[in-house]
Amino acid sequence: MNNSPIGIYDSGFGGLSVWRELYRALPDESLIYLGDGKNCPYGELDEAAIRNHARNAVECLLAHGCKMIVVACNTATAAAITYLREQYPEVPIVGLEPAVKPACKLSKSKKIAVLATEHLLHSEKFRNTVKQYSEDVEVLSIVGQGFVEAVEAGMENSAETQQMVADVVMPVINQGVDVIVLGCTHYPFLKRVIRSVIGSREIAIIDSGEPVEKRVESLLDRYDMRADDEHESRYEFLTFATEEYRERLRQKAFGWEL
Ligand code: DGL
């Protein structure tokens with residue numbers, strides 16, 4: 001048993017899509033969410049810069065007593081997960097990967113699209129994942145240009161965002177994909193808009209929220225780290241940006257419905 005919190009980290013708001021899965025599935029666990037905010041977006045930064053931000057984030061979460069870290073950011077996972085595990089071998093660290101494997105299994109048209117940041121799509125880790133799982137499936141790698149900025153600004157439902165999402169998603173639909181993978185944790189906040197662009201076409205949208213939650217559970221069991229049933233869970237939000245940003249994180253965490 002261990003009643004210390006689980007730390008969840010992202011460049012900004014995106015990791016709240018993972019936070020929510022943990023909040024729902026693990027009501028006894030305390031959660032500390034750190035949304036960097038100051039250095040966001042990470043998508044066009046180089047590896048050294050992302051590693052540096054990720055190390056600062058993990059240091060901060062460990063200073064707050066976290067028993068486990070979830071890097072709820074595909075980009076930071078691609079750039080820094082190996083480094084973080086080397087630096088903090090005593091802490092279980094869970095990373096995120098685009099759901100390429102389940103998407104390839106699901107696809108009947110044998111064509112899928114992965115929407116993600118530029119850094120992620122150019123990373124060795126992503127190239128290896130595609131090589132390993134795609135076999136007879138064609139994988140279109142598409143940058144969700146402007147998506148992260150729209151979510152950070154809380155502009156998910158604006159007409160401009162609708163148009164921006166349509167400009168990215170329509171071309172992949174026209175190429176015959178039947179599965180769209182959200183390979184960035186910010187993108188689930190745009191799911192409703194993506195669905196409206198898809199309309200009645202039979203195209204699935206998948207993200208990594210649920211598999212990550214399952215992975216966290218299995219590690220809690222493996223290391224006998226679950227909080228006890230009597231434990232009163234608490235939820236804390238941290239940022240390297242402003243107090244206002246921190247308050248927006250908290251509100252988004254509890255106020256967001258898909
Ligand atoms: N939420 C992030 C991800 O999963 C990073 C977005 C960004 O900062 O560019 O990739």
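Starting from 1, each residue takes its place in the sequence as its number. We count ligands from 1, going down the list as the structure has it; atoms in each ligand are counted the same way.
- Contacts of Ser11 with ligand 1, taken as heavy-atom pairs under 4.0 Å, involve the side chain alone.
- The backbone N or O of Leu115 sits nowhere less than 3.5 Å from a side-chain atom of Tyr187 that would complete a donor-acceptor pair.
- Only the side chain of Asp10 comes within 4.0 Å of ligand 1, counting heavy atoms alone; its backbone N, CA, C and O stay farther away.
- The N/O atoms of Thr117, backbone and side chain alike, include none that comes under 3.5 Å of an N/O atom in ligand 1.
- At distances below 3.5 Å, not a single donor-acceptor pair connects side-chain atoms of Asp207 with backbone N or O atoms of Leu182.
- With ring centers used as reference points, Phe189 lies 6.0 Å or more from Phe13.
- If you check which protein heavy atom lies closest to atom 10 (O) of ligand 1, you get Thr75 OG1, 2.5 Å.
- In terms of N/O distances under 3.5 Å, ligand 1 is approached by Gly43.
- Arg234 places no side-chain N or O within 3.5 Å of a backbone atom of Pro5 that could act as its donor or acceptor partner.
- The protein atom (non-hydrogen) at minimum distance from atom 7 (C) of ligand 1 is Tyr42 N, 3.3 Å.
- A heavy-atom separation below 4.0 Å is found between Val148 and ligand 1.
- Under a cut-off of 6.0 angstrom, the local environment of CD in Glu47 is crowded, with over 12 non-hydrogen atoms contributed by other residues, nucleotides or ligands.
- Ranking the protein heavy atoms by distance from atom 2 (C) of ligand 1 puts Cys73 SG, 3.3 Å first.
- Proximity of a side-chain donor or acceptor of Ser17 to a complementary backbone N or O of Thr185 within less than 3.5 Å is detected.
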